[in-house]
Amino acid sequence: MLGRILLVGRLAVRDLRRRRIEAALLLLAIMAATTTLTLALVLRDAASDPYQSTRAATHGPDVVAGVYQPAKLSGLEELAGAAGVIDHSGPYPVAPAKLQASGRTSDVQVVGRDAAPASVDQPELIQGSWVRDGGVVVEAAFANALHVRVGDPVTLDSRSFEVVGVAVTAAMPPYPGASCIVAIGCVNGAITDEVPPGLLHNPGLVWLTQADVRSLTTDSLSYVMNLKLADPAEAQAFVANHGEHGGATPMQPWENILEDATELARDSQILLLIGAWLLGLLAVAGLSVLVGGRMADQTRRVGLLKAVGGTPSLVAAVLLAEYVLVAIVAAAAGLAVGSLAAPLLAESSAGLIGSAGTPSMTMSTVGLVTAVALGVAVVATVVPAVRAARSSTVNALADSPRPPRRIGWLIAISARLPVPLLLALRVAARRPRRVVLGVVSIAITVSGIFVVLVLNAFLTTQPLAGGYADAQVEVLRQVLLVWIVILLSLAAVNAIVITWATVLDNRHSSALARALGATPRDVSTALAAAQVLPALVGAVVGVFPGGFALFAAINAITGGDSDRATLPSLWQLLAVVLATVLVVAALTAVPARLGGRRPVTETL
Amino acid sequence: MQQEVVLAMLAKEPSHGYQLRARLRDALGPLGDAMNAGQVYVTLARLEKAGLLAVEKSADDADRSDRKVYALTPDGQQRVAEWIAEVGWPRPDLAEFHLKLIAAAWAGLADPLTIVDTQRRELLRRLRDAQRAAMAEPKRSDAALLLEGIVLRLQADLRWLEACEKNWTHRRSGS
Amino acid sequence: MSNAADMPVLRARGLRKEYGKGEGLVRAVDGVDLDIGAGETVAVMGPSGCGKSTLLHLLGGLDRPSGGEVSLNGHRIDDIGEKALARLRRTAVGFVFQSFHLMEELTAVENVELSALLAGRSPRAARRRAEDLLEQVGLADRARFLPSALSGGQRQRVAVARALSNEPLVVFADEPTGNLDSAATMDVLQLFEGLHESGQTLVVVTHDARIAATADRMISMRDGALIDETRLTGGTTGQLGALIGLED
């Protein structure tokens, strides 16, 4: 039994080593798919979970109430005693201030807290300790954005403090989405005009001791109070009852905070999920070419194994071992890369527990990604294995690599074209399925680029209309960037895989064409053109209807309003198509040239 | 000309001598050209003398040999049956050539390789003749089949000469 | 043969081809001098690995020599560029290979017309020429068949037709009967005989004594060098009877 396993392992490894490049490309393609899947899954978790866990860990308030004048403090006292309220903390004084840290200045809302822990909304420390006189605790997302850490000196309205802690809270959405709790008011979002003097712009949140807050200012203090209700689900109703009534006491139920806190993450996640889908499709296209090519080749190998006495089960085991090996490595690499890349995209929710730093990698994510990779391996094994079990050994041995297709009309048309195009059309006609995969792969990529162009234009021209702040635009841009980088890399890998497969597949007919008098340049041009022509078709299809359809789909999912978006201009689209064709030509040139230059006699 | 062949050609029905010749020519094709008319009649005369054939005089002028009709006697018929059952096969006499090479080398009479070479040229010439003749024959004719046999045998002989050459080259360089 | 001396179609001097380096150096072709006259049929014979296929590739411009000269019709072809070499291959020479090398997805007539199309002939002219050639090799009724539907001999005849497509100066054949049975070999031999009679210069590398025997000249090759040349003078000996021992 052990001997058998060793044998299977040895045969599998040997076959992989025999075709290193192919194995590497296969690994790369599966890895791209697993990486994207990991990213999407991790961010899905990041978008929903952290607020809940932060709320639980910090005894988050069900309602946050505030007053802008000390005179109205009685209103808060009343609320604390209202029916349904089972606990509260505060009122705490809040002051507006300018914070200076490592050369950057930012508006902040400073909340004065007790050194003793509160029963409602006790911010959870990620680093350092809680407030003390002269020590400031900074909200995590804000700290992240300002690049301040425990021990750093900062000034608040020119008074020096030391950062003693970094914490998260569920009483306010993380920076830069903070709700306004100061009397003078705040402006969130990108600045289009001058900020009215006195208003805070994108304020961050810091905590001091109450004494320190009072020492900063005396006149413009406001107060907040955190309320715990008997039934958290009643928060909206509670606010409606008491807020409308008194009018002077602005209140926020926790659902609103949740909404604001996760809005950005959700937008990113939608983008990433759509990106994951696109990338998944691309990966499938690349994999089909690779696996298809391998499977054809495997048929003969299967025949050989059977001829020397391998049973169908041994043959299947060898094939399976080979793919499983590649799949496991690819899954591991994909998980690693995905989890390393995810924090770059999830920074926005750094103000919440569980997402400060690394978004959590759950077992279900690991399981799903591995399962997908293994699924590919199994599918790639099943077909040749079944064929192996069915086909006679003799037939399998005699089986030539997949016989080329014949598309009569295309061959007839090509006879009328110049030599390189004649050869190119015939190269393409030999493998129609591969051409379709090439077209699809490019179309998907170009659709993605189309959507990125639209979103980018939208973010540039109308950030306020989208309700995004600078920092949020930055995050969304980052998401788009990651998206497009992975998309383009995978498309490039696909283009190379397809060209490479084509070059290998046409080695013989290329040599033959040269023996019959085609020049090396004719042959290389033909091999490249056989990729570039489908790329042109793919690029055009990718713009219309691909890009429009994808954008419409995104709008449908996000409930966005496509009227506000500016579609790319005609010249932009032409540039995209042209650039796609040029890039594909460049990517395919090298393998095609290598394919066209091989000595004729070596191949024949 | 083998006597049994002539006998067998008469086994179906009595024939004139010229009919017999024509039949042989058909079967042999261009190879039959070498066979002169007299040969057949000499053989027929011998067979008649041996009692294997009987001559049925034809009605008109009886004495001209090409007007005679030949028929098998019972002895002749038995002889044909025996011949058909025989498994004898012409032996290629390779030993003679083989010994020629050895003798030539041993006594220093000639270079064995030169002998092989000359012999090969001769065999190639024969092969060429046979090949040309075969190509001139209509496909699937009796003569074409015979010629193919000859061509294949010559090819086999040439292959043996190749082996001889290799062997003697080796001996020369080895010693 | 008479004009072979004054103006050979194909001429090689000191032709060499080496592979590898140092210890592993292999001299596949080692100093070959050769003249082939117009209309001559030359057979190159020798054991496998003697370099005869390499010699054929060098003479036909499929491969480049390591040293020496090759001239076709008075023009050097050993030192010309890839492009000129390609032009040479589509105008001046035709190749027939042991394993036919037909394109699987093209019909017989499409295979034959391919080299004419590569040479830049009009599709119509190429097709007409291809049909004529297929008729000439006796496959007019198989013109629309794919190679997989043809027998080995038929495929090789298609390949011969393709080699003739651009009226080459020289047709090179590399073991053209190596994959054929006796009867199919006969078909190809007959085809070559016809070419010979029409004045086509033909260089055949072969194991097959039958092809060699029908050539004007037979060249033996060993270890990359020509070692022997036999002229099988024309006309039959007229002694076919000797072949079956009829005359004793």
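The basis for the numbers below is simple: all heavy atoms, side chains too, and nothing from hydrogens, waters or symmetry mates.
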Chain A contact via C:T107 - which portion, at a heavy-atom distance below 4.5 Å = both
ask   = Salt bridge between C:E135 and C:R129, side-chain N to carboxylate O under 4.0 Å?
value = no
request  = Heavy atoms only, distances under 4.5 angstrom: which of C:E113, C:R162, C:K83, C:R87 has the most pairs with chain A? Name it, please.
outcome  = C:R162
request  = Considering only heavy atoms and a distance below 4.5 Å, find which of A:R426, A:R405, A:H508 pairs most often with chain C.
outcome  = A:H508
query = Any idea which of A:A515, A:P520, A:A518 has the most non-hydrogen atom pairs under 4.5 angstrom with chain C?
reply = A:A515
ask   = How far apart are the C-alpha atoms of C:S53 and C:D174, what are their side-chain angles, what is the distance that settles it, and do they pass the side chain to side chain donor-acceptor pair (under 3.5 Å) test?
value = CA-CA 7 Å; C:S53 284; C:D174 189 355; 3.1 Å; yes
message = Quick check on C:D33: does its CG atom have over 12 non-hydrogen neighbours (other residues, nucleotides or ligands) under 6.0 Å away?
response = yes
inquiry  = Which one wins on heavy-atom pair count under 4.5 Å against chain C: A:L512, A:T519, A:V600, A:D522?
reply    = A:L512
inquiry  = Closer than 4.0 angstrom, basic N to acidic O: yes or no for A:D15 and A:R18?
reply    = yes
task = Measure distances from C:L146 to the heavy atoms of chain A and classify the residue's part below 4.5 Å as side chain, backbone, both or neither.
result = side chain
key: Carboxylate-amine/guanidinium proximity below 4.0 Å for A:R434 and A:D505   = yes
query = Would you call C:R16 and C:E18 a salt bridge, using N to O less than 4.0 angstrom?
reply = yes
query = Non-hydrogen atoms of chain C under 4.5 Å away: do they reach the side chain of A:L423, the backbone, both or neither?
reply = side chain
Residue C:L114 versus chain A: region with a heavy atom under 4.5 Å = side chain
Segment of A:R430 engaging chain C (4.5 angstrom heavy-atom cut-off) = side chain
task = Taking only Lys NZ, Arg NE, NH1 and NH2, and the carboxylate oxygens of Asp or Glu, determine whether C:R64 and C:E82 approach each other closer than 4.0 Å.
result = yes
